[in-house]
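Each chain gets a letter, A, B and so on, in the order its sequence line appears, and its residues count up from 1.
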Amino acid sequence: MSKQATPITLIEAITQALAWEMANDKNVLILGEDVGVNGGVFRATAGLQQRFGDQRVLDTPLDETTIAGLSVGLAAQGMKPIAEVQFDGFVYPMLDHIICHAARLRTRTRGRLSCPMVLRVPWGGGIRAPEHHSEANESLFTNVPGLRVVLPSSPARAYGLLLAAIRDPDPVIFMEPKRIYRQYKELVPDDGEALPLDVCFVLRDGSDVTLVTWGAHVKETLEAADALAADGISAEVIDVATLKPLDFDTIHESVQKTGRCVIVHEAARTAGFGAEIAAQLAEKSMYDLLAPVERVTGYDVPIPLFRLEMKYLPSVEKIVAAVKRTLAAG
Amino acid sequence: MSKQATPITLIEAITQALAWEMANDKNVLILGEDVGVNGGVFRATAGLQQRFGDQRVLDTPLDETTIAGLSVGLAAQGMKPIAEVQFDGFVYPMLDHIICHAARLRTRTRGRLSCPMVLRVPWGGGIRAPEHHSEANESLFTNVPGLRVVLPSSPARAYGLLLAAIRDPDPVIFMEPKRIYRQYKELVPDDGEALPLDVCFVLRDGSDVTLVTWGAHVKETLEAADALAADGISAEVIDVATLKPLDFDTIHESVQKTGRCVIVHEAARTAGFGAEIAAQLAEKSMYDLLAPVERVTGYDVPIPLFRLEMKYLPSVEKIVAAVKRTLAAG
Amino acid sequence: MTTVASFEIDYLQYLAPDGKPLHKTMPRFAKDSKNLVELYKQMLLVRTFDSKSVALQRTGKLGTYASCLGHEAAHIGIGSAMRPEDVFAPSYREYGAQFMRGVQPREVLMYWGGDERGSDFAVPRQDFAWCVPIGTQCLHAAGAALAFKLRGEKRVAVACVGDGGSSKADTYAAINSAGAYNLPFVLCIINNQWAISVPRSAQTGAKTLAQKGIAGGLFCIQVDGNDIIAVRAAMDEALARARAGNGGSVIELVTYRLGDHTTADDARRYRGEAEVKAAWEREPLIRLRAWLVGQKVWDDEREAEWKIECGKRIDTEVDAYLASRTQPLESMFDYLYAELPHDVAAQRAQALAWEARKP
Amino acid sequence: MTTVASFEIDYLQYLAPDGKPLHKTMPRFAKDSKNLVELYKQMLLVRTFDSKSVALQRTGKLGTYASCLGHEAAHIGIGSAMRPEDVFAPSYREYGAQFMRGVQPREVLMYWGGDERGSDFAVPRQDFAWCVPIGTQCLHAAGAALAFKLRGEKRVAVACVGDGGSSKADTYAAINSAGAYNLPFVLCIINNQWAISVPRSAQTGAKTLAQKGIAGGLFCIQVDGNDIIAVRAAMDEALARARAGNGGSVIELVTYRLGDHTTADDARRYRGEAEVKAAWEREPLIRLRAWLVGQKVWDDEREAEWKIECGKRIDTEVDAYLASRTQPLESMFDYLYAELPHDVAAQRAQALAWEARKP
Ligand SMILES: Cc1ncc(C[n+]2csc(CCOP(=O)(O)OP(=O)(O)O)c2C)c(N)n1
Ligand SMILES: Cc1ncc(C[n+]2csc(CCOP(=O)(O)OP(=O)(O)O)c2C)c(N)n1
Ligand SMILES: [Mg+2]
Ligand SMILES: [Mg+2]
């Protein structure tokens with residue numbers, strides 16, 4: 001087992017996890033548009049077809065319905081397909097197969113068939129891309145029983161969670177925050193160690209307020225915590241990482257301590273996944289809350305084309321302001 | 001203008017609204033599978049092709065992508081297509097066109113093109129139907145900017161809200177609670193009067209607890225209110241009716257009065273639309289709440305085939321029990 | 001102008017509706033009349049099953065049911081041509097094909113009776129379950145075929161879809177990917193002329209449904225779907241070609257839906273009696289029976305005996321279905337994931353506690 | 001076996017790559033060389049625009065940009081054949097077609113510059129905007145064609161899709177519904193051999209992409225997409241047929257993507273130089289220029305003059321683009337609904353208040 005000596009980016013961690021698992025499980029295969037020679041439009045599969053051959057890394061015809069439907073068929077046959085969709089905005093034609101079949105094959109057949117597939121979805125905005133390349137549409141999946149929904153925010157968590165997703169015997173939607181694909185590097189030992197698919201990660205301890213977020217905005221949220229610390233406000237930061245199943249206990253424990261919660265996500269506000277977290281707070285943490293819950297989110301509009309997109313996305317300043325409102329309220 | 005003299009069912013009210021608007025706006029047309037001679041699998045369009053001709057009521061090839069995509073094209077041309085999908089479980093192949101195009105045509109082109117379409121979706125469980133015929137999947141749409149999402153629960157509201165949906169210059173997802181299509185009749189004057197697309201309806205006044213629901217479960221919720229009244233508990237019942245945009249003010253005012261809220265919906269619990277309502281309570285009504293919010297919902301499993309489906313759906317008893325927990329807690 | 005590609009759609013039929021042979025020779029398997037007798041018996045068995053199922057629905061003992069009346073040659077022909085190790089992806093009414101593969105009538109009844117256990121076939125374990133979202137099964141079969149190809153297995157995936165389903169985007173996607181990857185895949189388009197109330201002519205401007213396969217570069221043929229000899233011959237050839245790695249096929253089976261779409265439908269609303277009456281004259285059992293009787297390998301006596309046997313077999317199955325108990329509440333949780341996530345596990349506990357409550 | 005349907009795909013080409021005519025006669029419109037000169041000039045104009053756009057992107061003044069290099073004959077041929085009242089549904093790189101219809105280069109730049117106002121074409125008001133989700137535009141065009149048919153208007157809807165997009169389920173859905181409803185619809189499949197890194201051969205097992213239309217019963221033809229005379233001839237015929245109510249068409253235009261997929265792509269990763277070099281010999285401007293020069297209606301001097309003119313025109317457009325200001329914040333709210341719902345209106349107010357805050 002090779003050890004990783006140099007720090008790597010999030011996208012490199014993904015490549016590393018894919019390579020590890022392909023080397024160790026011959027049933028794992030990759031399919032998607034341009035995943036072969038080209039190594040994917042984000043280079044997540046760079047070098048994998050050269051290394052594992054074109055029977056393990058397959059370019060598909062240009063049709064997302066095809067990718068999803070073939071994956072269900074492959075998985076029902078005991079293969080472990082890792083399907084790549086090029087951008088979040090192209091995932092919609094896959095939903096029928098994901099919702100009606102991937103998520104239900106096991107329960108439909110009382111366990112006779114199952115669907116151990118992973119759908120990799122480069123996710124979110126902020127990269128100055130064309131329309132439909134910047135969607136934060138995780139809420140499409142979070143109300144669907146039978147799925148797991150994962151959204152890592154660091155190279156190490158991307159590596160460990162992707163390994164877990166591939167090994168999981170059921171379908172996993174693995175969304176990747178493309179804005180931070182190459183934002184920074186860290187050491188990610190290539191040791192094949194998976195991370196659990198049902199826990200939130202506390203990235204920073206704090207006592208005055210709990211900041212809950214996921215994906216690329218973990219960065220802004222941590223920066224907000226820094227800014228708040230400068231003002232003497234101690235913020236705990238939680239990276240949800242796995243949205244479904246949600247580890248609400250970790251959030252609850254934090255809020256028991258802090259009494260305040262600000263949820264940050266870049267998806268549109270209404271019925272975004274932040275709503276579920278706020279709802280569970282209203283159900284289970286009411287007596288702990290010293291102030292109303294706040295959500296700092298994208299507006300209820302499609303993310304604008306790139307000249308304006310940064311005005312759409314939550315910013316460090318907006319997060320700080322929400323925390324201060326929360327503190328003033330309580 | 002003909003006046004309706006006899007009481008009609010919810011599905012008849014839908015037919016009546018369709019007929020009214022077709023007679024009054026020549027741009028309105030209906031398309032879907034079996035909507036023509038057959039009048040739709042639920043008979044919503046019964047008699048309309050005979051009356052308005054096969055250029056106004058069109059059977060489509062069997063492909064939901066086709067129905068959605070043609071509707072976008074028709075609407076961009078100034079027609080007002082009312083698309084029918086046969087069952088909720090077949091709506092997934094339409095999402096790409098609904099989310100990427102219907103919801104965005106206007107903003108994409110800065111108002112040059114628009115998409116005044118209605119998508120009618122027979123919705124929900126409890127009719128002993130085969131798999132995929134009983135889904136409560138409204139949450140697919142509620143996080144999508146640019147849409148309106150409506151879900152009536154009585155013949156009169158179905159009539160008025162459908163007229164409003166057709167007249168609305170933007171896309172409306174109109175979900176119809178098929179379990180109560182024929183549950184009871186009421187007088188619905190055929191007067192072409194629309195209802196507003198942005199208000200909740202308070203169906204019953206109360207002072208101890210606010211019950212918030214939509215669709216077919218309005219029935220069970222009202223029955224629960226009756227049962228509670230027998231125990232001396234006064235429940236206010238709100239039919240959300242339009243989920244998007246949500247009229248939270250009405251809910252807020254009620255909770256200001258009652259201090260307690262139980263949300264009832266048949267969709268799976270996690271990230272169902274109930275979460276958004278609970279989230280807004282946690283944000284805006286925290287100081288009014290005397291007890292934690294409760295959600296009475298479907299479990300996070302696909303609705304089972306019909307031998308077990310009633311065990312999946314919220315029941316009057318479950319609602320009553322939740323209210324009592326809420327009262328005990330506060 | 002030069003011609004850069006040309007295509008022909010052939011039509012295959014061996015027996016006329018009255019049982020007269022149309023060609024001098026029969027395909028190999030049909031030369032042994034034992035084979036044909038066996039197929040005929042299976043066609044009668046599935047017809048017995050079908051009428052019993054409709055009766056069960058009418059008396060409230062079954063949910064909505066989709067009849068296979070008139071499709072017996074198509075379904076039995078398909079199922080009988082496949083090998084056990086092949087994989088079948090049905091739509092919802094191909095019981096004949098499924099019985100040939102080992103699915104039990106009681107499983108079919110469980111399914112339409114609202115019980116997921118119907119899809120837990122004792123045999124064949126790897127076949128797909130009934131597929132309600134029209135056409136999606138075609139891509140699952142293509143995916144299975146891709147698995148066979150990647151693993152170097154000599155197996156074939158067969159999907160059935162209707163004339164209505166031939167319009168579905170998934171069906172095209174399956175055809176196209178089968179061609180792009182040269183998959184061991186056979187798509188049977190069962191053209192029974194109706195998709196609920198929508199006639200074949202309204203589905204597409206294509207002259208045949210077989211030609212859908214041209215869009216993906218597959219072999220295409222149209223067969224008389226009421227002539228089981230033609231169905232078997234076309235299937236045998238397509239399966240052999242696929243197994244040999246020589247490409248996928250689209251077979252259009254032209255037949256007729258003699259019954260309502262399902263028991264929830266009333267076909268009199270949208271189609272005339274004359275058409276149905278005419279279709280009865282072309283139905284699949286008459287002609288094969290006539291041929292077999294002419295060959296002196298079948299007669300009234302054998303038919304009567306076999307019908308009694310069919311009745312018995314189906315009664316046993318119906319009894320087994322009717323005796324089945326509803327699954328326990330927790331079954332709705334227990335098969336959703338290999339291991340139940342903590343949140344759903346908590347709901348399961350809650351649900352059980354609710355069931356166990358004292359009123 | 002009897003043959004029940006047969007199909008041929010013809011290939012149309014008038015000019016060889018070196019500009020030599022391949023047939024004794026030219027189509028009508030090409031007999032007047034003024035027409036051809038005009039088309040040639042438009043091809044040069046769009047090529048000028050294209051190289052300028054790539055340069056803008058390289059210097060950080062434009063976002064990702066999809067070049068149309070090599071597609072000039074296909075695009076100009078399509079756009080020039082259409083009437084103003086027709087409707088065009090582009091994918092994303094058919095600027096040539098759009099310019100012929102009145103779209104301004106500055107609008108194209110606005111779009112790739114990340115500004116929605118680029119899609120608010122001053123002219124043509126009813127054309128669809130650029131469509132990123134591959135293939136979906138085909139169904140929008142079919143829907144518009146359905147509107148024309150229902151209203152009895154003699155208009156045609158034309159969609160463009162790529163070789164990659166020909167695999168997309170929506171493309172099939174459009175073909176099938178155009179056939180089912182006999183719509184005034186023309187689908188141009190622009191086969192430039194590549195879908196990002198995926199070659200034409202990997203998209204489908206179909207021998208031609210034109211034959212995709214057979215699946216829906218449309219007229220199908222393959223043309224040399226580098227030969228604008230062939231493109232125009234095929235388009236003229238297809239448009240006339242559609243306008244007369246005689247059915248839809250699929251035209252495959254065989255061309256080559258001479259550049260990277262977009263400025264975000266590096267084609268050297270996946271295709272060899274030899275192939276690109278060979279393609280340059282078949283590119284569309286050379287042959288038309290040779291023909292026109294041979295006809296003595298074009299020469300170096302005129303070319304030089306026109307290139308200067310092209311440069312000026314494009315510079316004006318670029319300047320207009322570069323001078324444009326970013327839209328105000330509220331623009332992200334103001335076009336979403338005809339009337340902003342109360343919840344989004346509240347967010348708009350909040351957003352404006354946030355903008356106006358004192359730091
Ligand atoms: C995606 C989808 N849309 C609609 C339906 C409802 N539906 C069930 S069967 C049917 C008609 C199918 O016709 P065809 O494909 O010809 O098959 P047949 O029933 O004739 O065997 C329809 C529209 C469905 N099951 N799935
Ligand atoms: C539904 C969808 N999937 C993927 C993409 C990403 N993508 C953009 S262009 C492209 C290739 C298109 O190839 P082709 O259709 O041949 O058109 P060309 O770019 O060659 O003009 C892909 C995969 C997309 N835009 N939409
Ligand atoms: Mg049919
Ligand atoms: Mg291409």
Ignoring hydrogens, what is the shortest heavy-atom contact between D/Y111 and A/L305? Give both atom names and the distance. O-CD1, 4.1 Å
Tell me, side chain or backbone of [X] under 4.5 Å from chain A's heavy atoms, or both, or neither?
{"X": "D/P328", "answer": "backbone"}
{"X": "D/R271", "answer": "neither"}
{"X": "D/A351", "answer": "both"}
{"X": "D/W354", "answer": "side chain"}

Say you draw a straight line from [atom1] of [X] to [atom2] of [Y]; how long is it, rounded to the nearest 0.5 Å?
{"X": "A/L62", "Y": "D/T171", "atom1": "CG", "atom2": "OG1", "answer": "9.0 Å"}
{"X": "A/F306", "Y": "D/T64", "atom1": "CZ", "atom2": "OG1", "answer": "7.5 Å"}
{"X": "A/H132", "Y": "D/I134", "atom1": "NE2", "atom2": "CD1", "answer": "10.5 Å"}
{"X": "A/L308", "Y": "D/M332", "atom1": "CG", "atom2": "CE", "answer": "5.0 Å"}
{"X": "D/S119", "Y": "A/E131", "atom1": "OG", "atom2": "CD", "answer": "7.5 Å"}

Evaluate side-chain contact (heavy atoms from CB on, under 4.5 Å) for D/V132 paired with A/H133, printing each intermediate quantity in order. CA-CA 9 Å; D/V132 173; A/H133 289 67; 3.4 Å; yes
Under 4.5 Å to a heavy atom of chain D? For A/D34 that would be both
Under 4.5 Å from any heavy atom of chain D, what part of A/Y299 do you find: side chain, backbone, both or neither? both
Hey, are A/D63 and D/K168 close enough for a salt bridge, meaning a charged N less than 4.0 Å from a carboxylate O? no
Side-chain ion pair, A/K311 and D/E330, N-O less than 4.0 Å: no
With a strict 4.5 Å heavy-atom criterion, list every residue of residues 189-203 of chain D that contacts chain A, or say none. D/A195, D/I196, D/S197, D/V198, D/A202, D/Q203
Max heavy-atom pairs within cutoff under 4.5 Å with chain A, candidates D/T204, D/D170, D/L336, goes to D/L336
Counting only N and O atoms by type, is there a donor-acceptor contact under 3.5 Å from the side chain of D/E116 to the main-chain atoms of A/P304? no
Could you list the residues that satisfy side-chain contact (heavy atoms from CB on, under 4.5 Å) with D/A215, not counting sequence neighbours? C/K212, C/A215, D/Y172
If you measure only the distance, is there a donor-acceptor pair under 3.5 Å linking the side chains of A/R307 and D/S331? no
